[in-house]
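Bear in mind the structure is a predicted one, so any value in this text is a computation, not a measurement.
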Amino acid sequence: MDSPDACVQFRDEHVITPALQRMSESPSFCFSVEEALSLKEYLERHPEKYDEILKYTKEGRLEWGATYKQPYFSIHDGEALVRQTYFGRKWLKKVLLGCEFTTAWNEDVPSMALQYPQILAKAGIPYYQFSRHQPGYYKWYSPDGSYILCWTPGQYECVVDLSGKRRQRKTGQRLLPK
């Protein structure tokens with residue numbers, strides 16, 4: 001999308017900060033962030049937000065994806081997938097004491113690793129959010145018989161922005177500002 005610093009700034013100003021603001025205004029609003037790295041970057045920019053983030057996370061209104069970063073399956077080997085999972089969840093549990101992280105995310109990957117369900121199941125992460133498949137819930141099995149429960153909204157066909165408005169995507173339409 002841009003340089004790493006521009007992405008960090010975008011997630012701060014257009015994703016996490018607005019979500020925190022909306023949570024403070026609406027006790028029923030909940031939000032999920034895809035990975036631990038987003039929290040790490042955000043706290044580096046806003047250490048004063050730690051207590052608020054911990055509060056919402058403990059309440060179950062703010063969720064953090066259980067991996068460090070969303071691993072790109074066609075680039076990472078098995079050990080890297082394990083490390084992404086181990087380090088991400090371990091770091092989250094260390095930083096947000098008393099919270100549990102049970103969902104891994106991977107929104108924009110064109111391929112899947114055959115043993116990823118086994119990695120997540122053995123790490124105590126029973127849920128997985130992904131895209132680029134038919135919308136629905138799935139049990140994804142590894143060759144060893146372990147599985148995780150998965151959900152996909154499909155191919156980004158429907159988006160809910162932070163204002164709560166549902167927008168249907170039309171072919172070629174940009175949902176985010178340039």
As an exercise, state the distance from [atom1] of [X] to [atom2] of [Y], rounded to the nearest 0.5 Å.
X      : Y      : atom1 : atom2 : value
Arg89  : Gln84  : CZ    : CD    : 15.0 Å
Cys99  : Glu63  : SG    : CD    : 11.5 Å
His14  : Cys7   : NE2   : SG    : 11.5 Å
Leu37  : Trp91  : CG    : CH2   : 8.5 Å
Tyr137 : Leu149 : OH    : CG    : 8.0 Å

Between [X] and [Y], does any side-chain donor sit less than 3.5 Å from a side-chain acceptor?
X      : Y      : result
Asp144 : Ser146 : yes
Glu35  : Ser38  : yes
Trp64  : Thr57  : yes
Thr17  : Tyr42  : yes

Take the angle between the ring planes of Tyr138 and Phe130 and call it parallel below 30°, perpendicular above 60°, tilted in between.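 Tilted: the ring planes of Tyr138 and Phe130 meet at 30° to 60°.
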Side chains of [X] and [Y] in contact at under 4.5 Å (non-hydrogen atoms):
X      : Y      : answer
Arg11  : Glu34  : no
Cys30  : Tyr56  : no
Leu39  : Ile53  : yes
Ile148 : Pro117 : yes
Thr152 : Gln134 : no
Phe101 : Lys90  : no
Leu62  : Ser32  : no
Asn106 : Gln129 : no

Which pair of heavy atoms, one from [X] and one from [Y], lies closest together, and at what distance?
X      : Y      : value
Trp105 : Thr67  : O-OG1, 4.5 Å
Lys58  : Leu97  : CE-O, 3.2 Å
Pro27  : Arg61  : O-NE, 3.2 Å
Ala66  : Ile125 : CB-CD1, 3.5 Å
Cys150 : Trp140 : SG-CB, 3.6 Å

Hey, mind stepping through Val82 and Gln118 against side chain to side chain contact (heavy atoms under 4.5 Å, CB included) and telling me if it holds? CA-CA 10 Å; Val82 170; Gln118 180 181 352; over 6 Å; no
Check the surroundings of atom NZ in Lys69: do more than 12 heavy atoms from other residues, nucleotides or ligands lie under 6.0 Å from it?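 Correct, the count exceeds 12.
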Same cluster for [X] and [Y] if Ile/Leu/Val/Met/Phe/Trp/Tyr side chains link at under 4.5 Å?
X      : Y      : result
Phe10  : Leu20  : yes
Leu114 : Ile119 : no
Tyr127 : Tyr116 : no
Phe31  : Leu92  : yes
Tyr128 : Tyr147 : no

Between Ser142 (side chain only) and Gly145 (backbone N and O only), is there a donor and an acceptor less than 3.5 Å apart?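 Absent.
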Could you check whether any side-chain N or O of Ser26 sits under 3.5 Å from a backbone N or O of Met23, counting only pairs where one atom can act as donor and the other as acceptor?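 Not confirmed, Ser26 side chain does not pair with Met23 backbone.
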Does Glu100 come within less than 4.0 Å of Lys93, counting only side-chain N to carboxylate O?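 Salt bridge flag = yes for Lys93 with Glu100.
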Test: Arg83 and Glu79 ion pair at under 4.0 Å: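 So Arg83 pairs with Glu79 through a salt bridge.
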Among Lys49, Glu48, Glu44, which residue meets the side chain to side chain donor-acceptor pair (under 3.5 Å) test with His46?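 Between His46 and the candidates, side chain to side chain donor-acceptor pair (under 3.5 Å) is satisfied uniquely by Glu48.
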Answer with yes or no after comparing the ring centroid distance for Tyr68 and Tyr86 against a 6.0 Å cut-off, counting only values under it.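 No, too far apart.
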